[in-house]
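As structure tokens, the structure follows; a few thoughts come after it.
For clarity, every value in this text was computed on a predicted model and none was experimentally measured. In listed order, ligands and their atoms are each counted from 1.
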Amino acid sequence: MKATATAPANIAFIKYWGNKPGNLPYSDTISMNLSNCITTTTVEWDSKLKRDTLNLDGINLSGPKLERVVKHLDKIRKVLGISICAKVISKNSFLQGAGIASSASGFAALTLAAARAAGGKLSEKRLSRLARLGSGSASRSIPDGFVIWQKGSDKTSYAESIYPPDWWDLRDVIIIVTRKEKAVGSADGHKIAHTSPIFKKRVNQNLPRRTAAILKALKNKDIELLGKTIEEEALELHEVARTSTPPIEYLLEETKRIIGKLIPQWRKEGIPVYFTLDAGPNVHAILPGKYEKQLLSKIKKELPGVELIINKPGEGARLSRSHLF
Ligand code: DP6
């Protein structure tokens, strides 16, 4: 009863920020899977085990991180009708906790591997709903490519692919401003988002308008419309965080310099590159693939030695034969 799955992190063009019980978002969100930010997870259900165990990137976890996984395994046990414990070993291809949505790839891979290891063949929709319960954005790491996650009830809130990965040759060049784990996790930010005075207008007016714009931009492969909309959306996410009670500031001076000075400058110099941000200080530079080389040479000049993760649109969660144990 062992299975292994891989799943990508994803970058949201329309952000999930603020939730209702069951990790239900207030509005639809849209994302792109990241080809080079992958979690691989092996799960073995074993009746001899007395408790669930989790090893992440070579470290045996305990405390809140293990508890969160055990809680998710409880939900999977309930759905699959089993009561035994699991051994879980997981590896990230990238650094975790730096706003690169490692919870998305982590809970998506865990959900698929755990279900398969118990012999369950759940539909993509069911897997996405189940992954959502572990981490909201994990629902979007189950389907392929460009993805929309619908708001709704527990039964109707899941993610689906809008376009496959090869629909549009985009890049997400993640500029790692810091490797430090963020001080306030997303889970805490979601709880207080609604306290921001701009939250209501965001949900009722701004997000429906932006969601329509992103869908149009993806359909027409319109980088300017996509870019302008994701920049506006990223800035609003951070405005909500900054005006919540208590306020959260995720951005660093270096983040502000990259998004406020360097990216607009590179655009003026002819590269159609735009930024987005997650709940963290690292910058996601979004651009058409054919400009990748030009962007990398600018980065090399202006940000010498900076760490980058270069992503294409990626596939969703997959089963793998290469078990980690
Ligand atoms: C800013 O899915 O990480 O990246 O459900 O608590 O795990 P939990 O939150 P998470 O929140 C993601 C927040 C975001 C925006 C997004 O990815 O949509």
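- Among the atoms of D278, some N or O lies under 3.5 angstrom from an N or O of ligand 1.
- The closest heavy-atom contact to atom 18 (O) of ligand 1, among the options Y16, Y250, W149, F13, comes from Y16.
- With a heavy-atom cut-off of 4.0 Å, S137 touches ligand 1 through backbone and side chain alike.
- Of the N and O atoms on the side chains of N33 and E315, not one donor lies less than 3.5 Å from an acceptor on the other residue.
- The aromatic rings of W17 and H190 sit tilted, their planes meeting at an angle between 30° and 60°.
- Partner of P8 under the side chain to side chain contact (heavy atoms under 4.5 Å, CB included) criterion, chosen from S105, S141, P165: S141.
- Partners of Y291 under the ring-ring contact (aromatic ring centres under 6.0 Å, His included) rule, at least two apart in sequence or in another chain, do not exist in this structure.
- Near A187, the atoms of ligand 1 lying under 4.0 angstrom from a non-hydrogen atom of the residue are 6 (O).
- With respect to the salt-bridge test (charged N to carboxylate O, under 4.0 angstrom), the residues D166 and K312 do not qualify.
- Atoms of ligand 1 lying under 4.0 Å from at least one heavy atom of A12, given by number and element, are 16 (C), 17 (O), 18 (O).
- Distances below 4.0 Å separate heavy atoms of S186 from the following atoms of ligand 1: 3 (O), 9 (O), 10 (P), 11 (O).
- Of the polar atoms of R68, at least one N or O is found under 3.5 Å from an N or O of ligand 1, judged by distance alone.
- Distances between N or O atoms of G136 and those of ligand 1 include at least one value under 3.5 Å.
- Listed by atom number, the atoms of ligand 1 under 4.0 Å from S135 heavy atoms are 2 (O), 3 (O), 5 (O), 7 (O), 8 (P), 10 (P).
- With a 4.0 Å cut-off on non-hydrogen atoms, R132 does not touch ligand 1 at all.
- In this structure W266 satisfies the ring-ring contact (aromatic ring centres under 6.0 Å, His included) test with no other residue, sequence neighbours excluded.
- Contact check on K15 versus E236 returns no salt bridge, with no Lys/Arg side-chain nitrogen under 4.0 Å from an Asp/Glu carboxylate oxygen.
- The heavy atom nearest to atom 9 (O) of ligand 1, out of those in H190, R140, K191, is found in H190.
- Short contacts between ligand 1 and A279, defined as distances under 4.0 Å to a heavy atom of the residue, involve ligand atoms 1 (C).
- Contacts between E233 and ligand 1 below 4.0 angstrom, taking non-hydrogen atoms only, are absent altogether.
- The aromatic ring centroids of Y26 and F199 lie less than 6.0 Å from each other.
- Distances between N or O atoms of W17 and those of ligand 1 include no value under 3.5 Å.
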I'd like to know whether E302 forms a side chain to side chain donor-acceptor pair (under 3.5 Å) with Q265, so could you lay out the CA-CA distance, the side-chain angles of the two residues, the decisive distance to 0.1 Å, and finally the verdict. CA-CA 11 Å; E302 305 274 0; Q265 182 188 313; 3.3 Å; yes
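- Of all the heavy atoms of S103, the ones lying under 4.0 Å from any atom of ligand 1 belong exclusively to the side chain.
- Between E233 and R202 there is a salt bridge, since at least one side-chain N of the basic residue sits less than 4.0 Å from a carboxylate O of the acidic one.
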